[in-house]
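Accompanying notes for the structure given below.
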Amino acid sequence: MGACLGVAGCSSTVDGMASPVAAAGPSSASGPSSGSSTGEDGRVDATLESMLLAPTDFPAPYQAIVLPPQAVSQAAADLDGIPPGAKVDPPGCKPPAQDYGPDGTAMIVGTDNANRSTISVELMRSDLSLDKRIGEIERCLEVTTTKDGAEAVVRTEMLPPPPLNADRTVAMRQTVTSGKGAGKVTQSMLTLVAQIDDVRVSATYMSFGDGKPDTVVLDQVFTEAVQRVNAA
């Protein structure tokens, strides 16, 4: 992967991925962001809809649409790799409950039809600290899911966090493998996450097969999404 998952520079690599070392703003370890307008309880006052990227923020060849509320829950589950109602092993590795209502989650998805890939940007309200969520993920780096007789394995690799102006950031690569032999399917995801007060910003590149992630556009839309929340 040739692109840097930050804004300014890169140094060493992790399995071919450039590791970010600099950015135009405080690093993820620098403490709470100061740009967003928050209430006394640490809540960003703006609505998720008003902070979400627009379809025009996605460059070609990505054709982007803002998901209607009824489609958000399914799309979010696809990005988790664990379908609703599935059994998981180890136990306790299901994603936390999420509010998929308009004030709980908002999503926009850009699709590159030629490469069968998507870049999704999700804004969600969360009272769970990102540090705690990272701890949950690190305890569940390999999870087997079973639903309706179908089994899949979700593997997660933690990557260097992108250095952006946020309370906390994290990056991870995931694969969801299902089927056997000629019917084997592998879904690959590269996800960047930032927490700004009570708003969690996620950008995920998802594809099928062995193609390299489009880190340039992923980094671009993630950076813009974080800036929108900071400026709200």
Side-chain angles (χ1 to χ4, degrees), residues 28 42-44 48 51-52 66-109 117-159 161-162 166-178 185-208 213 218 221-222 225-226 229:
S28 61
R43 178 184 171 91
V44 177
L48 297 182
M51 294 184 288
L52 190 64
V66 175
L67 297 187
Q70 61 270 25
V72 168
S73 60
Q74 181 59 57
D78 288 342
L79 298 181
D80 286 328
I82 299 177
K87 294 182 179 179
V88 298
D89 183 26
C93 285
K94 290 184 179 181
Q98 184 171 340
D99 176 5
Y100 296 113
D103 194 46
T105 308
M107 290 185 69
I108 183 170
V109 179
S117 62
T118 60
I119 292 180
S120 303
V121 175
E122 176 185 30
L123 303 184
M124 65 173 286
R125 303 270 184 193
S126 179
D127 295 327
L128 179 71
S129 73
L130 188 51
D131 274 329
K132 184 173 181 180
R133 180 62 185 138
I134 291 170
E136 293 175 347
I137 294 170
E138 289 177 337
R139 291 191 295 272
C140 299
L141 295 179
E142 182 168 320
V143 180
T144 300
T145 71
T146 307
K147 184 176 183 181
D148 299 330
E151 185 174 284
V153 178
V154 183
R155 294 183 175 90
T156 302
E157 176 189 2
M158 306 306 289
L159 301 170
D167 300 336
R168 185 76 161 89
T169 64
V170 67
M172 56 189 172
R173 179 167 33 229
Q174 293 179 294
T175 59
V176 182
T177 305
S178 59
V185 176
T186 299
Q187 172 184 315
S188 300
M189 295 174 285
L190 177 61
T191 301
L192 310 178
V193 186
Q195 185 80 32
I196 301 165
D197 295 306
D198 71 327
V199 176
R200 189 169 299 166
V201 183
S202 303
T204 300
Y205 179 91
M206 182 171 71
S207 63
F208 294 88
L218 178 66
V221 297
F222 177 64
V226 171
V229 177

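Because only heavy atoms are used, hydrogens play no part in the values below, and waters and symmetry mates are left out as well, while side chains stay in.
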Atom pair CE (M107) and CG (L48), whose distance is rounded to the nearest 0.5 Å = 12.5 Å
How far apart are the C-alpha atoms of F222 and V121, what are their side-chain angles, what is the distance that settles it, and do they pass the side-chain contact (heavy atoms from CB on, under 4.5 Å) test?
-> CA-CA 7 Å; F222 177 64; V121 175; over 6 Å; no
Side-chain touch M189/T175, heavy atoms, less than 4.5 angstrom = no
Which heavy atom of G42 sits nearest a heavy atom of D197, and at what distance?
-> O-CB, 3.0 Å
Would you say the side-chain atoms of Q195 and R168 include a donor-acceptor pair closer than 3.5 Å?
-> no
In chain order, what residues pass the side-chain contact (heavy atoms from CB on, under 4.5 Å) check against S207, with sequence neighbours excluded?
-> S117, S188, Y205
Scanning both residues in full, the closest heavy-atom pair of V143 with P90 reads CA-CD, 4.3 Å
After noting the C-alpha distance and the side-chain angles of R200 and L123, does the key distance pass the side-chain contact (heavy atoms from CB on, under 4.5 Å) rule?
-> CA-CA 6 Å; R200 189 169 299 166; L123 303 184; over 6 Å; no
Taking every non-hydrogen atom, the tightest pair across V88 and C93 = CG2-N, 3.9 Å
Across all chains, not counting sequence neighbours, the side-chain contact (heavy atoms from CB on, under 4.5 Å) partners of T118 are V109, T111, S120, M206
Do you know which two heavy atoms are closest between P213 and L190, and how far apart they sit?
-> CB-CD2, 4.0 Å
By side chain to side chain donor-acceptor pair (under 3.5 Å) - contacts of T145 (at least two apart) = none
One should read off an interatomic distance between L130 CG and I196 CD1, to the nearest 0.5 angstrom, of 11.0 Å
Taking only residues two or more places apart in sequence, or in another chain, which ones meet E136 in a salt bridge (Lys or Arg N to Asp or Glu O under 4.0 Å)?
-> R133
Pairs meeting criterion salt bridge (charged side-chain N to carboxylate O under 4.0 Å, His left out) with involvement of residues 139-153, two or more places apart | E142-R155
Does some side-chain heavy atom of M172 sit less than 4.5 Å from a side-chain heavy atom of L159?
-> no
Side-chain heavy-atom pair T186, F208 within 4.5 angstrom cut-off | no
Please walk me through it: do V221 and I119 pass side-chain contact (heavy atoms from CB on, under 4.5 Å)?
-> CA-CA 9 Å; V221 297; I119 292 180; 3.7 Å; yes
T156: partners by side chain to side chain donor-acceptor pair (under 3.5 Å), with sequence neighbours left out = Q174
Take M158 and I137 through the side-chain contact (heavy atoms from CB on, under 4.5 Å) test and state the conclusion after the steps.
-> CA-CA 9 Å; M158 306 306 289; I137 294 170; 3.8 Å; yes
All pairs passing side chain to side chain donor-acceptor pair (under 3.5 Å) where residues 95-105 contributes a residue, at least two apart = R43-D103, Q98-T105, Q98-E122
Side-chain donor-acceptor distances from residues 67-79 under 3.5 Å, at least two apart:
{"from": "Q74", "atom 1": "NE2", "to": "D78", "atom 2": "OD1", "distance (Å)": "3.0"}

Are side-chain heavy atoms of M51 and V44 found at a separation under 4.5 Å?
-> yes
Would you say the side chain of L52 lies within less than 4.5 Å of the side chain of V66, judging by non-hydrogen atoms?
-> yes
Sequence neighbours excluded, which residues qualify as side chain to side chain donor-acceptor pair (under 3.5 Å) partners of D89?
-> none
Does the D198 side chain pair with the main chain of S126, one donor and one acceptor, at a distance under 3.5 Å?
-> no
A86 backbone acceptor or donor facing K94 side chain under 3.5 Å | yes
